[in-house]
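Shown next, in structure tokens, is the structure this report addresses.
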Amino acid sequence: MNMNILYLIPAYNSELNIRSVIDRVSDYTDNILVVDDGSVDETSHVVMNSRATLICHPVNRGKGAALKSGFAYALENNYEAVITLDADGQHDPKYIPGFLELYGSTKADMIIGSRAGDKADMPRDRRVSNFLTSGILTLLTGCSIEDSQCGYRLISRRLLESVILESNRFELETEIIIKAVQQGFKIRFLPIKVVYGKKFPTSMNRTLDTLRWLKMVLEQI
């Protein structure tokens, strides 16, 4: 399927996993962009010696800020859509054809990887958090949101051109769902499985990021 898609990987202190992620994504495409969000390890050096294009933030600004830099790059370079994957290796590139097939058949402006059928392997804290946030968004937006937190997504150019994103951290991924629903964009979900384990540390501060999430949702709704 011939589509002009940018594969965007926001990264922070990801030197241990980023090369493997790039190599696996490169089995499907050469259009790979890594946004290094102020890493203090060798992430940028690893990316520079790979097949990916690199954008560097001089200081850490948050995952949302890294995504916005990648979105701006996609629009400036006339990409039709963006597929976002995390840099820690949890998102298996084998689902890329599924995203493209669903996009081609439905013309949905956002396709989100859904871990709804993968609850057995999901850590309990993430399972509870995702259940609550997805349920809250479903109630507030009137749209069935299977998975509000998964960062494995396809987002169309039409959507990126139409929304103004304000968040700079993890809550941006929810902000874009809310604004897509408010503006009538079509959202679909693709069942996926995610790899979990101790080798995939998170930079999320559960308490602080939850408070930011609640503040953003209240402001948007």
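One-based numbering along the sequence shown. Side chains are part of it too, since the values below use all heavy atoms of this structure and drop only hydrogens, waters and symmetry mates.
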Closest heavy-atom pair, Arg169 versus Gly62, reported as atoms and distance to 0.1 Å, is NH1-CA, 3.6 Å
If I take atom CG from residue Asn31 and atom CD1 from residue Ile5, how far apart are they, to the nearest 0.5 angstrom? 9.0 Å
Restricting to non-hydrogen atoms, name the atom on Gly151 and the atom on Asp86 that form the minimum distance, rounded to 0.1 Å. CA-OD1, 4.4 Å
Parallel, tilted or perpendicular: which describes the rings of Tyr152 and Tyr95, with under 30° parallel and over 60° perpendicular? perpendicular
Closest heavy-atom pair and its distance - Asn17, Ala87: CB-O, 3.5 Å
What pairs meet the salt bridge (Lys or Arg N to Asp or Glu O under 4.0 Å) rule with one or both residues in residues 27-37, with sequence neighbours excluded? Asp30-Arg51
Would you call Tyr7 and Leu33 a side-chain contact if the rule is heavy atoms closer than 4.5 Å? no
Separation between CD1 of Ile145 and CG of Leu137, rounded to the nearest 0.5 Å: 6.0 Å
Ion pair Glu166/Lys179, N-O distance below 4.0 Å: yes
Is any side-chain heavy atom of Ile187 less than 4.5 Å from a side-chain heavy atom of Asp109? no
Can you name the nearest heavy-atom pair linking His91 to Val194, along with the distance? CD2-CG2, 4.3 Å
Listed partners of Arg157 passing side chain to side chain donor-acceptor pair (under 3.5 Å), at least two apart: Glu161
In Å, rounded to the nearest 0.5 Å, how long is the span from CZ of Arg24 to CD1 of Ile32? 12.0 Å
Are any non-hydrogen side-chain atoms of Ile55 and Val34 less than 4.5 angstrom apart? no
Student check: side-chain heavy atoms of Glu80 and Tyr103 closer than 4.5 Å: yes
Side-chain contact, heavy-atom cut-off 4.5 Å: Met110 with Phe185? no
Evaluate His57 against Ser69 for side chain to side chain contact (heavy atoms under 4.5 Å, CB included), listing each step before the verdict. CA-CA 9 Å; His57 290 175; Ser69 291; 2.7 Å; yes
Exactly one of Val35, Thr53, Leu8 clears side-chain contact (heavy atoms from CB on, under 4.5 Å) with Tyr73, and that residue is Thr53
Side-chain touch Ile177/Arg153, heavy atoms, less than 4.5 angstrom: yes
Please tell me whether Val82 and Val163 are part of a single hydrophobic cluster in this structure, the criterion being side-chain heavy atoms less than 4.5 Å apart. yes
Do NZ/NE/NH1/NH2 and the carboxylate oxygens of Asp147 and Arg115 come within less than 4.0 Å? yes
Joint hydrophobic cluster, Ile18 plus Leu16, side-chain heavy atoms closer than 4.5 Å: no
Check whether any side-chain heavy atom of Met3 lies under 4.5 Å from a side-chain heavy atom of Leu100, and answer yes or no. yes
Counting C-beta onward and ignoring hydrogens, is there a side-chain heavy-atom pair between Ile192 and Asp92 closer than 4.5 Å? no
side-chain hydrogen bond (donor to acceptor under 3.5 Å, both in side chains) assessment of Asn168 paired with Lys68: CA-CA 8 Å; Asn168 285 320; Lys68 288 194 290 187; 2.9 Å; yes
Would a single hydrophobic cluster contain both Leu54 and Val25, if residues Ile, Leu, Val, Met, Phe, Trp and Tyr are joined by side-chain heavy-atom contacts under 4.5 Å? yes
State the CG-CG distance between Leu102 and Leu154, to the nearest 0.5 angstrom. 8.5 Å
Test item: Thr43 side-chain N/O and Tyr12 main-chain N/O as donor-acceptor pair under 3.5 Å: no
Correct closest heavy-atom pair for Gly70 and Leu6 would be O-CD2, 3.9 Å
Applying side-chain hydrogen bond (donor to acceptor under 3.5 Å, both in side chains) to Ser167 and Glu175, what does each step give before you reach the verdict? CA-CA 7 Å; Ser167 304; Glu175 180 189 355; 2.7 Å; yes
Working to the nearest 0.5 Å, report the span between CG of Leu85 and CD1 of Ile22. 11.0 Å
Atom CZ in Phe99, atom CD1 in Ile112: separation rounded to 0.5 Å? 9.0 Å
